[in-house]
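Some notes on the structure that comes next.
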Amino acid sequence: MEKLTGPKKVKTVVFISGTGSNLKNLIKFSKTKKSPISIDLIISNLVQAKGLMYADQFNIQKKIFNFQSLKKTEKTILLLLKKKNIKFICLAGFMKILSKNFIKNFNGKIINIHPSLLPKYKGLDTHNRAIKNKDKFAGCTVHFVTAKLDSGKKILQKRIKITSQDNVTSLAKKVQKEEHKLYPEAIMKIFN
Ligand code: GRF
């Protein structure tokens with residue numbers, strides 16, 4: 001990752017599809033002095049994504065694309081990011097898969113947070129799978145995004161104990177709490 005020069009923060013877009021708790025957390029982090037990034041754009045593939053409310057709340061530009069034509073949409077997004085001088089992409093609960101070509105344009109500049117101890121449980125339903133397999137630990141991982149789903153280089157990972165009382169809901173809650181610490185830490189690690 002290129003080193004930061006001067007006081008300027010790296011302009012960043014966050015891609016979401018849902019609740020946006022990680023988005024909210026990243027916005028708050030981005031406003032701290034130590035943050036190497038600023039969040040200048042929020043992109044969602046769903047107009048009903050709850051997280052879009054943080055765009056209004058924090059006065060950040062938002063854009064919604066339905067991704068019906070992936071190629072066309074990605075082209076439009078790439079132009080927009082260029083126009084806005086956005087250099088870094090955080091995926092936070094974004095449910096679409098970006099193309100190889102798009103990723104190539106932002107090589108090493110796209111990261112994602114995933115609710116499992118990757119390489120275990122790529123894809124969906126991670127907590128249910130961990131509990132069903134009687135795993136002792138669950139967790140979350142921040143990783144670079146490559147064309148292969150949930151497979152890019154790991155940046156940081158946090159392990160959380162699964163207790164005999166845990167169910168999918170309680171585990172998801174515990175993991176999310178850690179996600180909110182891990183994502184900013186991973187960003188700090190990348191830029192320092
Ligand atoms: C998080 O659990 C994240 O790990 C996964 O999607 C979820 C998004 O949650 N990729 P939120 O929308 O940030 O609340």
Side-chain angles (χ1 to χ4, degrees), residues 12-32 35 37 39-58 60 62-67 88-98 102-103 106 109-132 135 137-162 166-190:
T12 299
V13 56
V14 183
F15 283 58
I16 62 162
S17 301
T19 318
S21 71
N22 278 286
L23 165 66
K24 182 184 181 197
N25 183 62
L26 286 179
I27 296 172
K28 290 201 162 160
F29 165 69
S30 75
K31 292 181 181 296
T32 63
S35 168
I37 63 160
I39 292 169
D40 300 273
L41 181 64
I42 296 164
I43 288 181
S44 172
N45 63 312
L46 295 173
V47 67
Q48 68 272 28
K50 277 199 188 144
L52 284 171
M53 70 180 171
Y54 299 117
D56 304 327
Q57 195 173 315
F58 292 96
I60 298 169
K62 66 175 178 218
K63 287 272 182 188
I64 298 140
F65 298 99
N66 64 22
F67 281 78
F88 193 62
I89 301 176
C90 294
L91 307 183
F94 181 61
M95 301 303 280
K96 290 276 173 191
I97 295 175
L98 298 164
F102 183 91
I103 294 165
F106 270 81
K109 306 276 166 62
I110 312 179
I111 65 172
N112 180 43
I113 186 149
H114 184 76
S116 81
L117 295 170
L118 289 174
K120 248 189 163 176
Y121 309 132
K122 294 170 185 170
L124 298 174
D125 208 21
T126 54
H127 303 313
N128 192 22
R129 285 151 79 195
I131 289 173
K132 273 208 175 127
D135 288 357
F137 294 96
C140 44
T141 308
V142 180
H143 63 94
F144 288 106
V145 172
T146 61
K148 231 173 142 198
L149 182 72
D150 300 328
S151 297
K153 191 169 173 261
K154 211 181 332 178
I155 303 158
L156 279 182
Q157 187 166 73
K158 173 76 185 183
R159 220 165 67 143
I160 295 135
K161 212 172 166 16
I162 304 178
D166 270 325
N167 54 37
V168 172
T169 314
S170 69
L171 188 56
K173 211 170 158 187
K174 281 202 281 193
V175 171
Q176 272 231 323
K177 200 170 157 206
E178 294 304 325
E179 285 186 1
H180 297 161
K181 290 186 219 152
L182 199 71
Y183 215 160
E185 277 173 23
I187 292 169
M188 294 291 286
K189 187 176 170 193
I190 292 173

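Every number for a ligand or one of its atoms is a count from 1 in the order of the listing.
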Checking heavy atoms under 4.0 Å, the part of Gln176 that sits near ligand 1 is side chain
What residue and heavy atom of the protein are closest to atom 8 (C) of ligand 1, and at what distance?
-> Gly93 CA, 3.6 Å
Where ligand 1 meets Thr19 - atom numbers and elements under 4.0 angstrom, heavy-atom basis = 12 (O), 14 (O)
At what distance is the nearest protein heavy atom to atom 14 (O) of ligand 1, and which residue and atom is it?
-> Ser21 OG, 2.6 Å
Pair His114-Thr126, side-chain donor/acceptor within less than 3.5 Å = no
Arg129 NZ/CZ over Tyr121 ring centroid, <6.0 Å and within 45° of normal = no
Result of checking Ile187, Ile89, Leu91, Val145 against Ile111 for side chain to side chain contact (heavy atoms under 4.5 Å, CB included) = Ile187
Quick one: does Ala92 get an N or O within less than 3.5 Å of an N or O on ligand 1?
-> no
Which atom pair, heavy atoms only, marks the closest approach of Thr12 to Cys90?
-> CG2-SG, 3.9 Å
Residue and atom name of the nearest protein heavy atom (relative to atom 4 (O) of ligand 1), distance in Å to one decimal | Glu179 OE2, 2.6 Å
Closest protein heavy atom (residue, atom, distance) for atom 10 (N) of ligand 1 = Ile113 O, 2.9 Å
Does even one non-hydrogen atom of Ile16 get within less than 4.0 Å of ligand 1?
-> no
Please verify whether a non-hydrogen atom of Gly20 lies at under 4.0 Å from ligand 1.
-> yes
Within the side chain of Asn45, is there an N or O that forms a donor-acceptor pair under 3.5 Å with the backbone of Phe67?
-> no
Please confirm whether Gly18 comes within less than 3.5 Å of ligand 1 when only nitrogen or oxygen atoms on both sides are compared.
-> no
Distance col, row Gln157:CD vs Lys120:NZ, nearest 0.5 angstrom, shows 11.0 Å
With the threshold set at 4.0 Å, does a side-chain nitrogen-carboxylate oxygen contact exist between Lys161 and Asp166?
-> no
